[in-house]
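The chains referred to below are lettered A, B, ... by the order of the sequence lines, with proteins before strands, and numbering in each begins at 1.
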Protein chains: 2
Amino acid sequence: MLSERHLEVVLAVVYEYIKTGEPIGSRTIARKFLKDRSAATIRNEMADLEEMEYLYQPHTSAGRMPTPKAYRVYVDAILRRQRTFPSESEGWIRELREKRKDVEEALGYATRLLGKITSYIGVGALGPATETVLQRVEFLRMGHSTVLILLVLKGGLIHHRTVTLPCDMTQEALDELSRRVSMIALGRSWGEIRGTLQSYVEEALERYADNCRSALLEMDSILSEKPFQFFTGGAHNVLGLPDFNDLGRLQTIMALLEEEDSIGRLVRGCSAEKGLCVTIGDENPVLQMRDCSIVMASTVTGGRKAVVGLIGPVRMDYERSISVLEGVLDTLAENGESDEEVR
Amino acid sequence: MLSERHLEVVLAVVYEYIKTGEPIGSRTIARKFLKDRSAATIRNEMADLEEMEYLYQPHTSAGRMPTPKAYRVYVDAILRRQRTFPSESEGWIRELREKRKDVEEALGYATRLLGKITSYIGVGALGPATETVLQRVEFLRMGHSTVLILLVLKGGLIHHRTVTLPCDMTQEALDELSRRVSMIALGRSWGEIRGTLQSYVEEALERYADNCRSALLEMDSILSEKPFQFFTGGAHNVLGLPDFNDLGRLQTIMALLEEEDSIGRLVRGCSAEKGLCVTIGDENPVLQMRDCSIVMASTVTGGRKAVVGLIGPVRMDYERSISVLEGVLDTLAENGESDEEVR
DNA sequence: CTTAGCACTCTACAATAAAGAGTGCTAATA
DNA sequence: TATTAGCACTCTTTATTGTAGAGTGCTAAG
């Protein structure tokens, strides 16, 4: 549907438009990219491409700009060939490698890094590698009827919350509670046993039936509410970009980044697929981000599933963004390999 | 040094300038605030105030704008009298009250809330109520030579990190390690015992001397690196504000918010003093924020020290900001009282 | 000491003009 | 038939000019 001749023009326009941000005229294409054709010929081809909705003009006597359709063609072409990590960022990658000790900190750092290197917004998410299986449960008495619930999930994800129970309990009683919960829950999927837990726990602690019930409820709320941790970084980088000069739009995007579930939706949209995933403009699941593009990829690090990505303008430097993202991803994945045994 | 007559003019100019953002002329002051004086009189007084550096003109034939010195006088006047929480925000406060279960989540929510209600940037910090005293130490084996270090501090602060030790260790050996560490460290200040710990620990675990050393080093790094957790929220609100139309400046501010130590410096600057603390423009310890104002206050919630505040333009609505901050602070503090016993 | 009047200054805004870039169309060319 | 050169036309961008409005400083009178 798109002849070789036309494709060359589209790729040239997208490439140049990404670099300059200005509408591209036929003269520029003829001089810089397709020297075997004259400006007039390219003008004709551009008129064709406009009809096919790959290009458009902001006004009658301006150059052409790419439509999302053109970006898609361009990105597909990039993905087909090999990429190399930009060497000027090697230093940062080494810094990231240092931080891998603490997975959460590493991912936070990675998002900020992505933001800094690319000037777009870095995002990340960290979830359990597997379904929620408890590996350890502790209840620690913090004060009068205040208890710290501590859950260690298989894969190393940790949740904790300080709660107030109906009445006070000694640490001994709490230990008994955690022993009982552990007995049933450890090593098994939470969804599988959450129902059967209560009766077994209350058997030995009937004096504290109320407390047991409310503790189990809290555990349930922790385990169901927080399956993922989200990170964003480098949102400030985007302020200088001419594509985000519409402050209102930028504002809604930044507001969305603060809500966890909108990032969650992005992550879910991409993490289903394996490997790299580029979403351009209106392909985006989140309506308010329809004029952004997203590059995302997932891996496993420290025994947990990690998704990292970039949010930028549709006029994003896809080639560079993808290379950088791949570099970061590989670095994060490096220590994921060492403890395969975990799963 | 500032006569009653002059003070009235200053307060009127600041009040009106905060509302409108435009330079204030003598006519406006005479009509709206000081009806007993004519515009010409006020013009003379304004000329005096300009010499005293309370007011300045952006250009010869414009109205006057307040200098930081004038804001200081204005804020001091506000702080002297009683404030009332804006009733239209009661609903949000109720939402915040719901979230108090989890202190960290509550503080995160509080910063976003502050941002939303005031249209400025909410910041928060959560630290240990006391010095670092360990209440519980666990080492959990996650995989081959990978160990999860879990530290519960007195007051409920939790730190954890997954680390790779020099060689593998059984869970039993790790339990022995945590028993030994607990024996010495629990209930005592970390600074006090960090030195004596190593020899006692290695006594029983000499086979794993390397592991013990590296585990203790990690503990030390955790405890010294992360004394505070930081939160920011609602940075996007500030995008619409005319005072932040200089994108470059806004960008540096948002970049600073991503670095933990710059927030740390702000917090430290304010948390020393008890109660409310208003920092105007160049009073600010962070150089790049010299044209911002900061309102901060600290309290104790859930047995931990919490600092919450607002970063906004120098032309901030101080009265409203302070009221809202006080409301949020009181709500957070409510459950701080219930477990006094913790400290 | 306060006030009214008036000339002066500076900004903000709109209207106009000129320059520049790029197109579409037509006619000539290979 | 496909490609190219030439040219008139369109639209944006930038600079310039003129005008209205707001506010001041100064002077002289109350």
Worksheet item: B:Tyr15 vs B:Phe33 aromatic rings, parallel, tilted or perpendicular, using cut-offs 30° and 60°?
Response: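 Correct class here is perpendicular.
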[atom1] of [X] versus [atom2] of [N]: gap in Å, rounded?
X       : N      : atom1 : atom2 : answer
A:Arg43 : C:dG24 : CZ    : P     : 8 Å
A:Lys32 : C:dG22 : NZ    : P     : 11 Å
A:Glu22 : C:dT23 : CD    : P     : 14 Å
A:His59 : C:dG24 : NE2   : P     : 12 Å
B:Glu51 : D:dG25 : CD    : P     : 11 Å
B:Met65 : D:dT24 : CE    : C1'   : 16 Å
A:Asn44 : D:dT1  : CG    : P     : 16 Å
B:Met46 : C:dT3  : CE    : C1'   : 17 Å

Would you say a side-chain N or O of [X] is under 4.0 Å from OP1 or OP2 of [N]?
X       : N      : answer
B:Arg5  : C:dT2  : yes
B:Arg64 : D:dT24 : yes
A:Arg27 : D:dA5  : no
A:Ser26 : C:dG22 : no
B:Thr41 : C:dT2  : no

Worksheet entry | Any pair counted as salt bridge (charged side-chain N to carboxylate O under 4.0 Å, His left out), so long as it reaches residues 311-326 of chain B, sequence neighbours left out |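 Only B:Arg81-B:Glu319, B:Arg83-B:Glu326, B:Glu88-B:Arg320, B:Asp243-B:Arg315 qualify under salt bridge (charged side-chain N to carboxylate O under 4.0 Å, His left out).
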Worksheet item: Do the side-chain N and O atoms of A:Tyr120 and A:Ser293 include a donor-acceptor pair separated by under 3.5 angstrom?
Response: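 No, no side-chain donor-acceptor pair sits under 3.5 Å.
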Practice prompt. Tell me what A:Ala40 touches on the nucleic acid: a base, only sugar-phosphate, or nothing, going by heavy atoms under 4.0 Å.
Written response: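 Answer is base: heavy atoms of A:Ala40 come under 4.0 Å of a base.
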Worksheet item: Salt bridge or not for A:Arg80 and A:Asp76, using N-O below 4.0 Å?
Response: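 So A:Arg80 does not pair with A:Asp76 through a salt bridge.
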Practice prompt. Please report the C-alpha distance between B:Arg290 and B:Glu283 in whole Å, then the side-chain angles of each, then the deciding distance to 0.1 Å, and finally whether the salt bridge (Lys or Arg N to Asp or Glu O under 4.0 Å) criterion is met.
Written response: CA-CA 7 Å; B:Arg290 281 292 161 93; B:Glu283 300 168 2; over 6 Å; no
Worksheet item: Does A:Ser61 get its side chain close enough to the base of D:dT10, under 3.5 Å, for a donor-acceptor pair?
Response: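 In this structure, the two groups form a donor-acceptor pair.
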Worksheet item: With nearest nucleotides of DNA chain C determined for A:Gly63 and B:Thr60 from heavy-atom distances, which residue corresponds to the more 5′ nucleotide?
Response: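 Result of the comparison: B:Thr60.
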